[in-house]
Amino acid sequence: MSEITSLTLYELIKNIKEKKISSNEAVKSFVYRAEKSKKINVYVTENFENCLKLSKEFDDKPNFDLKLPGIPIAVKDLFCTNEVRTTAGSNILNNFVPTYESTVTQNIWNEGGILLGKLNCDEFAMGSSNETSFFGNVQNPIAEDLVPGGSSGGSSAALAANLTPVTIGTDTGGSIRQPASFTGTVGLKPTYGSCSRYGIVAFASSLDQAGPMSKDVKDSSILLEVISSFDKKDSTSIDFKRNNYSSELTRNIKGLKIGIPKEYRVDGMPDEIEKLWKKGIEYAKDCGAEIIDISLPHTSYALPTYYIVAPAEASSNLARYDGVKYGLRSPGKNLIDMYEKTRSDGFGEEVKRRVMIGTYVLSSGYYDAYYLKAQKVRQLIKQDFDQAYNKVDAILTPSTPSSAFKIGEKSNDPVSMYLNDIFTVPVNLAGLPGISIPAGVDKNNYPLGLQIIGKPFDEQTVLNIAYSMEEKINYKNNITDWWMK
Amino acid sequence: MTIDLKTVKHISKLARISLDEKKAEKLATDMNSIFEFIEKLNELNTDKVEPLTSIAETTLRFRNDKITSENIREKILKNSPEKNDDFFVVPKVVE
């Protein structure tokens, strides 16, 4: 049983196609393991019974031409799933059952994937540790009482614990790449406009993007191929020629130019991260890439910009939670009182904080000073990348300024929590593709990731660089299943 | 600049989130430390910079005004906290 759950997606597909494993056997293995893994708290909603039923139906009438033939997949609970509860990690959506399906998940089911369940995440994807979820903390399978990163913390933990062969997350400021880095897994944020936002619970609409999370780079290329699509239902979806990412995946990156931005060498960055980065540069050279020093001069302004733009958009997006048509309602003596009590009871502390910041920066008299200013600086940050890409094909940086931290360590200091996203946020502001791959460990044996950032719509180059570096790095997670003992 | 308790209470009204005194004080502290961090943007002169409003250079597409979902009234109403036949119920608005 355990062998099935430790397979990569590619291996599982191969075994199913060769009829060595049935879809139903695969589902049973993942369900069996999930039952013994309650302690890490990855599931908000299990879909096991239905998944077992659908896998039987697949086995009775298999279609091996599909890209994900009978593959069980758990997804972040930010994707709306038709008739399956979708909470976004929030009390305010505790009982919400969508009547529609997100495009990204629909693409997965169309290719034969089967929903295993909905995975824990920070409330409305606002957090870097999964600690803001209404449904409790998630344990990092790497070690006890360690955060799995966030906001896609349930996704990264489920993947590292072999509870799903692959998964999908969403990334607004690092929410795929940072948890991937914290759990020794791979996470890709595609170019803004690649994967439809339709049916994803909105956080910051100009930054949100869905993407694959997987055990290795090849699996991310397979899943990206499935989820990336032009969608008329998303007004910012972009109609460009998408590659067959997995069949075009190659380790030949000879002559590619990779930029090293000097501004990412931030004050107080641990030696271990610096060393990891240097090691990464050597690996890239070994793969045949040419290393070029570059400058992204506005890097240090990215986080302050993000903490205006994202909360502003969030405060608008979250205005819909008013206790009228769906979600939680707290009784009040009149309509306004009902709104205020509902939102006070339904939202957690971090969400309230961000809605308040957003409301403030958009309020009369402050709009120009904050929101407009941030949009202008966002332009400068994007121009930094545009200029760099005249000289290089991709950029290599650390994924995070530290390894995973302890549960509770940063939860009382919002700014120190925000600093986690220092290397990932600029990528969202500029709408670029970025991947985090495991590249080493720190002194505690906790995983550390490297990030490869690409040109817009050039996921293929990002994947190719990651694929060739992955082979040189040869990282292996050492997970002991401590939570089962 | 500092955000005082009065401002926090005003913002909470605008955001339709009720706050007790203790929470308002905590939020004032948090918001001040966050805005201290945000003030860094003032180091930059952005007078001649165009704001970046959307990263996707798309124009909004027209589509036909056609119903695409089947009859899902029942399912939608099931999500409502309070309903009366085919209506959502809210506290009395007009006296």
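To find a chain, count down the sequence lines: A is the first, B the second, and so on, and within it residues start at 1. Every value quoted in this text rests on a predicted model; they were computed, and no experiment measured them.
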Under 6.0 Å from the CZ atom of Arg61(B), do we count more than 12 heavy atoms belonging to anything else shown? yes
Go through the atoms of Thr7(B) and report whether side chain, backbone, both or neither lie under 4.5 Å from a heavy atom of chain A. side chain
Run the side-chain contact (heavy atoms from CB on, under 4.5 Å) test against Ser229(A) and tell me which residues pass, sequence neighbours left out. Thr103(A), Asn107(A)
Counting only heavy atoms closer than 4.5 Å, note whether Phe347(A) contacts chain B via side chain, backbone, both or neither. side chain
Let me know if Asp20(B) has heavy atoms under 4.5 Å from chain A in its side chain, its backbone, both or neither. neither
Between the CG atom in Leu52(B) and the CG atom in Leu380(A), the distance rounded to the nearest 0.5 Å is 10.0 Å
Answer key: most heavy-atom pairs under 4.5 Å with chain B among Ile336(A), Leu318(A), Asp337(A), Asp239(A) is Ile336(A)
Ile55(B) and Arg378(A): CA distance, side-chain angles, deciding distance, side-chain contact (heavy atoms from CB on, under 4.5 Å) verdict: CA-CA 10 Å; Ile55(B) 210 81; Arg378(A) 187 174 179 185; 4.2 Å; yes
Portion of Lys26(B) that has a non-hydrogen atom of chain A nearer than 4.5 angstrom: side chain
For Arg343(A), is there any backbone N or O sitting under 3.5 Å from a side-chain donor or acceptor partner on Arg16(B)? no
Below 4.5 Å from any heavy atom of chain B, which atoms of Glu83(A) appear? Answer side chain, backbone, both or neither. side chain
So, the part of Met338(A) with a heavy atom under 4.5 Å from chain B: the answer is side chain
For Lys40(B), does the NZ atom sit with more than 12 other heavy atoms under 6.0 Å from it, leaving out its own atoms? yes
Would you check if the distance from the ring center of Tyr360(A) to the ring center of Phe35(B) is below 6.0 Å? yes
Does any heavy atom of chain B fall under 4.5 Å from the side chain of Leu362(A), the backbone, both, or neither of them? neither
Just verifying a value: how many Å separate Leu19(B) CG and Glu340(A) CD, rounded to the nearest 0.5 Å? 9.0 Å
Counting only non-hydrogen atoms closer than 4.5 Å, does Leu41(B) touch chain A with its backbone (N, CA, C, O), its side chain (CB onward), both, or neither? both
At a 4.5 Å cut-off on heavy atoms, which part of Tyr418(A) comes close to chain B: side chain, backbone, both, or neither? side chain
Turns out that what part of Val324(A) lies under 4.5 Å from chain B's heavy atoms comes down to both
Which bit of Ser205(A) comes within less than 4.5 Å of chain B, counting heavy atoms only: side chain, backbone, both or neither? neither
Heavy atom to heavy atom, less than 4.5 Å: which residues from residues 83-90 of chain B reach chain A? Phe88(B), Val89(B), Val90(B)
Nearest 0.5 angstrom please: His10(B) NE2 to Thr359(A) OG1, how far? 10.0 Å
Across all chains, not counting sequence neighbours, the salt bridge (Lys or Arg N to Asp or Glu O under 4.0 Å) partners of Glu36(B) are none
For Asp30(B), the option from Lys352(A), Arg354(A), Arg353(A) that meets salt bridge (charged side-chain N to carboxylate O under 4.0 Å, His left out): Arg353(A)
Apply salt bridge (Lys or Arg N to Asp or Glu O under 4.0 Å) to Asp234(A) and list each qualifying residue two or more places apart in sequence or on a separate chain. Arg197(A)
Would you give the length of the straight line joining atom CD of Glu50(B) to atom CD of Gln379(A), rounded to the nearest 0.5 angstrom? 7.5 Å
